[in-house]
Each structure stands twice: as C-alpha cells, then as structure tokens.
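Not measured: the values here are computed from a predicted model.
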Amino acid sequence: MMKKFDLRKIMLKAWEIFRKFADLSFAECLHRAWLSAKVAELNEKRIQAAKMAAVNSCPFSMCFLPKICPRLHGQR
C-alpha cells in the first residue's frame with residue numbers, strides 16, 4: 001500500500017524554501033520539500049525514542065516530578 005502525503009503541505013514547504021533561497025530553482029525546492037515529507041515520519045520516531053531515552057536515563061528510578069530535576073528532563 002502506498003503512503004499518502006499531504007500535497008498541500010508539500011507545496012507550501014516548496015514555496016517557503018523557494019522564497020528563502022532565491023538562488024534555487026522551484027524544481028529543486030519541490031524536490032527538497034518531497035524529501036523532507038518522506039523522512040518526517042522517521043524523524044518523529046527518532047525524536048520520540050530520544051525523549052524516552054532521556055526520561056529513562058533519570059538517576060532517580062521513580063521520578064514523577066520533572067520540575068525537581070529539569071535538566072535531566074530537557075526542561076529549562
């Protein structure tokens with residue numbers, strides 16, 4: 001089964017890239033937008049895994065109070 005993509009978001013991302021980088025052609029911007037859409041799910045999974053690893057690395061075995069140890073939980 002083929003994966004479905006939000007074409008509107010891809011096109012908006014392409015225009016955003018095109019406006020930001022004036023020296024790129026629109027075709028290149030569209031290509032980059034497609035690449036970012038294809039890896040978005042993988043990136044989200046990696047971010048979630050990193051968050052879980054950070055929470056599990058807390059030296060306190062049952063830390064339910066992230067406000068007490070904010071540096072270990074990524075909060076400032």
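Scanning for side-chain hydrogen bond (donor to acceptor under 3.5 Å, both in side chains) contacts around Lys4 gives an empty result, with sequence neighbours left out. Here Phe5 pairs with Trp34 under the ring pair (Phe, Tyr, Trp, His ring centres under 6.0 Å) rule; sequence neighbours left out.
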Could you tabulate the donor-acceptor pairs under 3.5 Å formed by side-chain atoms of residues 37-50, not counting sequence neighbours?
from  : atom 1 : to    : atom 2 : distance (Å)
Glu41 : OE1    : Lys3  : NZ     : 2.7
Asn43 : ND2    : Val39 : O      : 3.4
Glu44 : OE2    : Gln48 : NE2    : 3.1

In a table with atom names and distances, give each donor-acceptor pair under 3.5 Å that connects a side chain of residues 12-25 to protein atoms at least two apart or in another chain.
from  : atom 1 : to    : atom 2 : distance (Å)
Ser25 : OG     : Glu28 : N      : 3.2

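A distance of 11.5 Å separates CE of Met11 from SG of Cys29, quoted to the nearest 0.5 Å.
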